[in-house]
Amino acid sequence: MQNIYKKLETFFYYIALGVFIALSLLHLLTGYADNGDFSRSAGFLFEKPHDFSTMWPAAESEEWRRRFFGEWHDKWVFLQNWPNTEKLFSVSPYKLYLLSQAHFSTLIGVDSSYYSIISGSILSRLILFAVFLIIAHHLRHQISNIAAWIFIALFGLILIDSSWIAFLNSFYEEQIAIVFLPLLGFLLLKFCANQSTKTGFCIILCAAFIGAAKTAYFYLPALSFLFLIPFFSSKKRLIKLALIAIFLQGVSLLPVYLGKYEKINSYHALYFGALKVLPNTEASFIQSIGGKPVFHECIGVSAFSSLGQKCMETSNASYADVVKLIGNHPSVGFRMIVKLFEEGRATRLEHLGKGIKNAPNFSESTVFNLWPKFFAKGLNYFIFLALLSASFLLVAKKSILSNKEKSVLLIGVFFATFGFSQYIVSLGDGYYEITKHLAAGNYALALSLPFIFAAIISAAHRLFFRSATPNKQRLLHDDE
């Protein structure tokens with residue numbers, strides 16, 4: 001009987017994996033429309049979308065409406081001599097990754113004169129599916145069946161969520177985090193098992209690849225290294241890895257130094273962030289910050305508007321001004337955090353279309369939008385409490401968790417820590433496009449749950465059956 005149960009469980013295990021992967025593949029037709037940022041990330045490769053006469057149609061024209069915001073476009077015409085480094089807007093690992101996708105697309109495509117986003121996204125999907133299968137297999141054989149099932153259910157829902165998977169069919173650089181954060185989680189899980197310096201190096205390298213993709217992720221190598229420190233008993237090995245981490249952390253800082261939007265970001269941090277959380281009556285009492293006058297007509301005005309351009313030049317805002325404002329008015333800092341958590345309850349980029357012309361759009365189906373519903377109900381608050389509880393279980397001298405379960409829980413704590421730190425870092429651009437800026441943070445928070453729940457439920461399940469077995473044996477003995 002037990003053998004039949006095991007075979008049935010194995011059968012449904014593979015069915016569940018297959019169903020989630022099949023559902024996720026429906027998102028080959030789900031993407032994000034261009035909000036005008038694509039030229040920054042992909043302009044060194046592509047001239048324009050395939051069925052358009054230019055990259056930038058006349059504003060408010062019918063072609064402009066079709067080109068931006070409403071729908072995404074699969075085919076893009078390559079530049080005559082691609083890649084063209086003279087058209088590189090910035091330097092980041094995403095450019096290298098996109099270049100590899102472009103070559104992959106030409107290899108499997110019919111016409112090498114244009115790039116297919118769908119074809120290029122196959123690489124990303126293969127990475128995500130491989131990590132999904134490998135971690136599920138690891139948990140099933142190293143922890144418990146229940147841990148594997150919890151992971152499959154929660155991670156599977158992430159794989160089919162249109163809010164995050166739509167990034168794969170776009171040129172937004174957030175997709176580096178979407179694709180490679182789960183891989184980083186697997187490497188951390190592997191390191192907990194073998195504590196190999198080589199695995200540690202791979203972790204820091206992967207973290208640097210993600211960290212250099214966007215300025216908001218720059219600190220990820222340092223954060224990853226901090227989670228590795230407790231596992232090293234050898235100072236020599238620790239110092240060796242620390243030197244590598246310092247070097248790769250420096251590499252991840254390059255986008256920060258080479259960024260072209262520091263003035264815009266610092267203006268948004270003050271006028272679209274710190275000052276914006278104050279009611280008009282309170283803001284009106286703040287006439288200057290550190291000797292600089294406050295322009296009240298600029299509060300809540302985007303730097304990308306005509307008024308915003310003028311505001312940015314006249315205000316000469318800096319991050320130091322934000323610090324001074326919070327120092328003089330501590331309630332501003334508290335209000336900013338509260339507003340962040342409230343803004344973090346939205347994960348859908350509602351202003352960007354996810355459908356493609358002449359193709360079915362599955363992105364609005366309920367099963368593909370469960371995580372937005374969870375976050376809308378305050379999931380980020382729950383995860384914060386889960387992070388505190390999980391951290392306590394990790395450091396407690398007496399714990400219900402086995403060492404292997406602790407390693408799984410550690411991955412959850414890592415993702416939650418990165419997710420909430422993204423909330424703070426996102427304030428570097430105020431609340432401008434905050435939902436998009438929190439995409440990686442909320443994605444990391446969602447990633448934390450499959451690991452946290454897998455570890456805790458596995459431990460509870462193990463302890464329940466451990467206590468139930470002696471009771472069963474005692475009852476059998478009493479019957480005799």
Next item on the list: Measure across Ile452 and Gly412 and return the closest heavy-atom pair with its distance rounded to 0.1 Å.
Entry: CG1-CA, 3.8 Å
Notebook entry, point to check: Do side-chain atoms of Ser421 reach the backbone of Thr417 as a donor and acceptor pair under 3.5 angstrom?
Noted result: yes
Notebook entry, point to check: Phe420 and Tyr423: aromatic ring centres closer than 6.0 Å?
Noted result: yes
Next item on the list: Please assess Phe155 against Phe20 for the test ring-ring contact (aromatic ring centres under 6.0 Å, His included), listing each intermediate value before the final yes or no.
Entry: CA-CA 9 Å; Phe155 192 88; Phe20 278 119; 9.5 Å; no
Notebook entry, point to check: Is it true that the side chains of Tyr32 and Glu71 contain a donor and an acceptor less than 3.5 Å apart?
Noted result: no
Note to self: How long is the straight-line distance from CG of Leu445 back to CG of Leu379, given to the nearest 0.5 Å?
What the structure shows: 7.5 Å
Notebook entry, point to check: Of all heavy-atom pairs between Cys192 and Leu410, which one has the smallest distance, and what is that distance?
Noted result: SG-CD2, 3.9 Å
Checklist line | Thr30 side chain to Ser162 side chain, donor-acceptor N/O pair below 3.5 angstrom | finding: no
Next item on the list: Applying side chain to side chain donor-acceptor pair (under 3.5 Å), name anything that partners Ser24, two or more places apart in sequence or on another chain.
Entry: none
Note to self: side chain to side chain contact (heavy atoms under 4.5 Å, CB included), that's the test. Do Leu181 and Leu220 meet it? Break it down for me.
What the structure shows: CA-CA 10 Å; Leu181 275 178; Leu220 190 55; 4.2 Å; yes
Notebook entry, point to check: Without hydrogens or angle criteria, can the side chains of Ser121 and Arg125 be said to hold a donor-acceptor pair below 3.5 Å?
Noted result: yes
Check: Would the Phe374 and Phe382 ring centres measure less than 6.0 Å apart?
Finding: no
Check: Is Glu173 salt-bridged to Lys95, going by a charged N under 4.0 Å from an acidic O?
Finding: yes
Notebook entry, point to check: Does Asn265 use its side chain to pair, donor to acceptor, with the backbone of Gly428 at less than 3.5 Å?
Noted result: no
Next item on the list: Verify side chain to side chain contact (heavy atoms under 4.5 Å, CB included) between Ile203 and Leu188, making sure each step is shown before the conclusion.
Entry: CA-CA 7 Å; Ile203 288 169; Leu188 283 164; 3.8 Å; yes
Next item on the list: For the residue pair Ile434 and Leu340, establish whether any side-chain heavy-atom pair is separated by less than 4.5 Å.
Entry: yes
Notebook entry, point to check: Can you list the residues that meet the side chain to side chain donor-acceptor pair (under 3.5 Å) rule with Arg345, with sequence neighbours excluded?
Noted result: Glu342
Item checked: Worked check of ring-ring contact (aromatic ring centres under 6.0 Å, His included) between Tyr172 and Phe38 -> CA-CA 7 Å; Tyr172 293 117; Phe38 283 11; 4.9 Å; yes
Check: Is there a side-chain contact between Val131 and Leu126 (heavy atoms, below 4.5 Å)?
Finding: no
Notebook entry, point to check: For Phe167, does its backbone N or O pair with a side-chain atom of Ser170 as donor and acceptor, under 3.5 Å?
Noted result: yes
Note to self: Looking at every non-hydrogen atom in both residues, tell me the closest pair between Ile210 and Ala177 and how far apart they are.
What the structure shows: CG2-CA, 4.2 Å
Margin query: Would you compute the distance between atom CD of Glu433 and atom OG of Ser426 and round it to the nearest 0.5 angstrom?
Written below: 12.5 Å
Notebook entry, point to check: Does Tyr431 have Lys339 sitting over its ring (NZ/CZ under 6.0 Å from centre, angle to axis within 45°)?
Noted result: yes
Check: With a cut-off of 6.0 Å (strictly less than), are more than 12 heavy atoms of other residues, nucleotides or ligands near CZ of Phe341?
Finding: yes
Notebook entry, point to check: Any donor-acceptor pair under 3.5 Å linking the side chain of His461 with the backbone of Ile146?
Noted result: no
Checklist line | Lys377, NZ: over 12 other non-hydrogen atoms inside 6.0 angstrom | finding: no
Next item on the list: Taking Ser100 for its side chain and Tyr97 for its backbone only, find out whether a donor-acceptor pair lies under 3.5 Å.
Entry: yes
Next item on the list: I would like to know whether Leu133 and Ile21 meet side chain to side chain contact (heavy atoms under 4.5 Å, CB included); could you show each step before the answer?
Entry: CA-CA 10 Å; Leu133 295 172; Ile21 289 174; 4.1 Å; yes
Check: Within the side chain of Gln142, is there an N or O that forms a donor-acceptor pair under 3.5 Å with the backbone of Leu139?
Finding: no
Checklist line | Side chains of His351 and Phe69 in contact at under 4.5 Å (non-hydrogen atoms) | finding: yes
Checklist line | Euclidean distance, Ile411 CD1 relative to Ile135 CD1, rounded to 0.5 Å | finding: 8.5 Å
Notebook entry, point to check: Would one find more than 12 heavy atoms of other residues, nucleotides or ligands at under 6.0 Å from atom CZ of Phe334?
Noted result: no
Next item on the list: Give a yes or no answer on whether the side chain of Ser365 reaches the backbone of Val367 with a donor-acceptor pair at less than 3.5 Å.
Entry: no
Notebook entry, point to check: Has His137 got more than 12 heavy atoms of other residues, nucleotides or ligands less than 6.0 Å from its NE2?
Noted result: no
Next item on the list: Check side-chain contact (heavy atoms from CB on, under 4.5 Å) between Ala42 and all other residues, then give those that pass, not counting sequence neighbours.
Entry: Phe46, Leu98, Phe171
Note to self: Go through it in stages, so that I can follow the logic: the residues are Phe418 and Phe415, the test is ring-ring contact (aromatic ring centres under 6.0 Å, His included), and I'd like the CA-CA distance, side-chain angles, deciding distance and then a yes or no.
What the structure shows: CA-CA 5 Å; Phe418 177 67; Phe415 280 133; 8.2 Å; no
Next item on the list: Go through the structure and list residues passing ring-ring contact (aromatic ring centres under 6.0 Å, His included) with Phe272, not counting sequence neighbours.
Entry: His268, Tyr432
Checklist line | Over 12 non-hydrogen atoms of neighbours within 6.0 angstrom of NZ in Lys190 | finding: no
Note to self: Taking ring-ring contact (aromatic ring centres under 6.0 Å, His included) as the definition, give me every residue that meets it alongside Tyr94, ordered by chain and number, with sequence neighbours left out.
What the structure shows: none
Item checked: Rounded distance [0.5 Å steps], OG in Ser331 versus CD1 in Ile326 -> 10.0 Å
Next item on the list: Please lay out, stage by stage, how Glu364 and Arg348 fare under the test side chain to side chain contact (heavy atoms under 4.5 Å, CB included).
Entry: CA-CA 11 Å; Glu364 302 304 318; Arg348 288 170 56 88; 2.8 Å; yes
Check: Would a 4.5 Å heavy-atom cut-off, applied to side chains only, mark Pro182 and Ile127 as touching?
Finding: no
Notebook entry, point to check: Under 6.0 Å between the ring centres of Trp164 and Tyr443?
Noted result: yes
Next item on the list: Answer yes or no: is there a donor N or O on one side and an acceptor on the other, between the side chain of Asn442 and the main chain of Thr347, under 3.5 Å?
Entry: no
Check: Hey, does the side chain of Asn380 reach the backbone of Phe375 with a donor-acceptor pair shorter than 3.5 angstrom?
Finding: no
Margin query: Using the side-chain contact (heavy atoms from CB on, under 4.5 Å) criterion, which residues pair with Ala16? Sequence neighbours excluded.
Written below: Trp149, Ile152
Check: Which heavy-atom pair separates Ala212 from Ser92 by the least distance, and what is that distance?
Finding: O-CB, 3.6 Å
Checklist line | Expected output: side-chain Gln422 to main-chain Ala440 donor-acceptor under 3.5 Å | finding: no
Checklist line | Enclosure of Phe129 CZ (heavy-atom neighbours >12, cutoff 6.0 Å) | finding: yes
Next item on the list: Start with the C-alpha gap between Asn194 and Ser196, add the side-chain angles, then the distance that decides, and say whether side-chain hydrogen bond (donor to acceptor under 3.5 Å, both in side chains) holds.
Entry: CA-CA 5 Å; Asn194 62 24; Ser196 161; 4.7 Å; no
Note to self: Do Arg140 and Thr10 pair up side chain to side chain, a donor and an acceptor below 3.5 Å, judged on atom types alone?
What the structure shows: yes
Check: Minimum heavy-atom separation for Trp72 to Gly31, with atom names?
Finding: NE1-N, 3.1 Å
Margin query: If I take atom CZ from residue Phe368 and atom CG from residue Asn361, how far apart are they, to the nearest 0.5 angstrom?
Written below: 10.5 Å
